[in-house]
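What's counted below: heavy atoms across the whole structure, side chains too, no hydrogens, waters or symmetry copies.
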Amino acid sequence: MYNLCCISNELKDSGYSFQNMTWKRFNELRDRHSVDYALDQLGQRWLNNVVVTGMIMRHCGSNGWGYRVSSALFPCLTHPDFKYDVTDVPQYKQIVEAFASIVAWNTNPTTGEQIVRLSTHPDQFNVLASENQSSVDKTIAELNHHGWIMDMLGCERSYQNPINIHVNCTKGDLISIADRFMSNLNKCDQSVVNRLVVENEDKGCWTVGNLLHYFDIPVTFDNHHNNLNPSGEFEPMQTCAYTWLRHGVKPLFHYSEGHPDKPNPRSHADIPTDCPPDFDADFDIECKAKELAIRRCEEIRNARLSRNYPLPIVAVD
C-alpha cells in the first residue's frame, strides 16, 4: 500500500487546506483584542485542521492509500510559552466530536481495525538524544502531543501506527547517543513509547547498519536516504523489515527519489521515475507532488504487471 504524506494537493485545490497561526500572530491578536479573542481564532484553526484531516483520510480510503498525519494540526499548542490547553478554546467540544467522527469512520465495524493506516513524522527539531536538557524537554512535550493526537484518532498504541523520528544527533560515541535516546524515550508517555520508530538518515552516522546495531526498536527504511548514506554489504530493507515483523506488524517504509534538476542530491523529486519494489510493506511516498506522485508509482507498477515484467521481489520469511 502507498501512503499520502500530510497534505492533499487535490483537496487543497478544492479549497480544503490546513490553517496555521504563528506564535507572533497569536500574541498580536491577544494584545490588540483579548486572550479570549486570540484563543477563539486559534481554536477555529485547530477545528478546521482536524476536520480537514478527516477529509484527507476519507480521500485516502477511497484510493486505497494510508495516511501520514500532519505534524502541524495544532499551531502554538506546544510552544513553550503557550500557557493554555486544548480545552481552553471555545471549539474544544467540536474538536473532540470531530475526532470521534474520524474514529467512527475509520473503524471497520466487523474487525475493529483501521480502514486507513495512520502514522506521523514529527519535525527534525525533535532530538531525544540531545545533551541540552531544554531541547530534550521540548522534544518530549512535542512527542507526547503527537501521541495524544494518535490516541484521539483511535490509533493502536503499537508500531501499527508509528511515530517516526530521526536520531538526529552525532555528538559522542554511538552507544552513548543511543543510551540517551532510549533513556529519554522512557520518560515519554506510553502513547509515544509504544509507537516510536527510528529512520535511517541521509548523512552522518545513523545509517541503517548503525541503527540496527544500536537500537532495539523498529527501523524505518528510507530508500533515498540509504542511496545517499549506505552501510554494509547486506539487504537493508529486508533486515529493517525483521525489526517490525518480530512485533507482528507490517513494516512502514519511505520511498522517494532525488530531484533531477536540483544541485542538492538530498532534494526530493516531484514525480518519481520508478516505484517501490514488490515487497510486503507499506510505503510513504515522499515525492513532492503528493497524489500525482502516488498515482505515478501505481502507473509504473501496473504497467510492469500488465507486461508480465516482474517487479523486484524481496522475500521476507
Side-chain angles (χ1 to χ4, degrees), residues 2-10 12-13 17-18 20 22 65 67-72 119-130 132 135 139 142 164-172 174 177 197-212 219-237 239-240 251-277 279 281-301 303-304 311-312 314:
Y2 297 157
N3 302 339
L4 179 68
C5 293
C6 304
I7 296 171
S8 166
N9 285 342
E10 293 179 0
K12 186 177 179 181
D13 290 342
S17 62
F18 295 122
N20 190 28
T22 65
W65 303 334
Y67 179 54
R68 178 194 292 178
V69 178
S70 171
S71 293
S119 66
T120 191
H121 191 347
D123 293 333
Q124 291 276 31
F125 67 80
N126 292 286
V127 186
L128 268 180
S130 176
N132 182 302
S135 295
T139 296
E142 189 72 22
N164 180 90
I165 65 171
H166 297 275
V167 178
N168 202 26
C169 180
T170 59
K171 190 172 183 180
L174 299 190
I177 296 171
V197 302
V198 288
E199 176 187 348
N200 60 304
E201 299 176 13
D202 58 12
K203 61 180 179 178
C205 57
W206 292 112
T207 61
V208 169
N210 283 335
L211 288 175
L212 292 169
V219 175
T220 300
F221 176 76
D222 185 301
N223 74 300
H224 185 47
H225 293 177
N226 186 69
N227 290 339
L228 294 167
N229 193 23
S231 63
E233 295 295 329
F234 62 99
E235 292 290 342
M237 185 162 61
T239 312
C240 288
L252 176 53
F253 294 159
H254 297 172
Y255 181 83
S256 187
E257 300 171 12
H259 198 293
D261 301 321
K262 293 187 178 181
N264 186 347
R266 296 180 178 85
S267 299
H268 286 210
D270 296 320
I271 297 290
T273 60
D274 204 344
C275 66
F279 189 88
D282 294 331
F283 289 89
D284 284 353
I285 305 301
E286 294 191 324
C287 294
K288 298 297 185 181
K290 303 298 181 182
E291 288 101 333
L292 287 176
I294 296 178
R295 297 186 200 285
R296 182 57 182 152
C297 284
E298 291 174 336
E299 288 173 0
I300 294 169
R301 186 177 191 278
R304 288 180 178 175
L311 292 162
V314 182

Worksheet item: Side chains of Glu199 and His254: do they bring a donor and an acceptor to under 3.5 Å?
Response: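 Glu199 vs His254: donor-acceptor pair found between side chains.
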
Value rounded to 0.5 Å, distance of [atom1] in [X] from [atom2] in [Y]:
X      : Y      : atom1 : atom2 : answer
Asn3   : Ile294 : CG    : CD1   : 7.0 Å
Glu299 : Leu292 : CD    : CG    : 9.0 Å
Asp274 : Cys297 : CG    : SG    : 8.0 Å
Cys287 : His224 : SG    : NE2   : 9.0 Å

Do [X] and [Y] make a side-chain contact, defined as non-hydrogen atoms from C-beta onward lying under 4.5 Å apart?
X      : Y      : answer
Asn9   : Ile7   : yes
Lys290 : Leu4   : yes
Asn168 : Trp206 : no
Phe283 : Cys275 : no
Asn223 : Phe253 : no
Val167 : Ile177 : yes
Phe18  : Cys6   : no

Discussion item. Classify the ring geometry of His121 against His166: parallel below 30°, tilted from 30° to 60°, perpendicular beyond 60°.
Written reply: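 The rings of His121 and His166 sit tilted, inter-plane angle from 30° to 60°.
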
Fill in: Expected output: side-chain Glu291 to main-chain Ser8 donor-acceptor under 3.5 Å
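Between the backbone of Ser8 and the side chain of Glu291 there is no qualifying donor-acceptor contact (under 3.5 Å).
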
Worksheet entry | For Asp284, salt bridge (Lys or Arg N to Asp or Glu O under 4.0 Å) partners two or more places apart |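 Salt bridge (Lys or Arg N to Asp or Glu O under 4.0 Å) check on Asp284 returns Arg68.
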
Practice prompt. Search all heavy atoms of Glu286 against all heavy atoms of His268 and return the closest pair with its distance.
Written response: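 Looks like O-ND1, 3.2 Å.
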
Discussion item. Tell me whether Arg295 is salt-bridged to Glu298, with the criterion being a basic N under 4.0 Å from an acidic carboxylate O.
Written reply: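 Result for this pair is no, no salt bridge flagged.
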
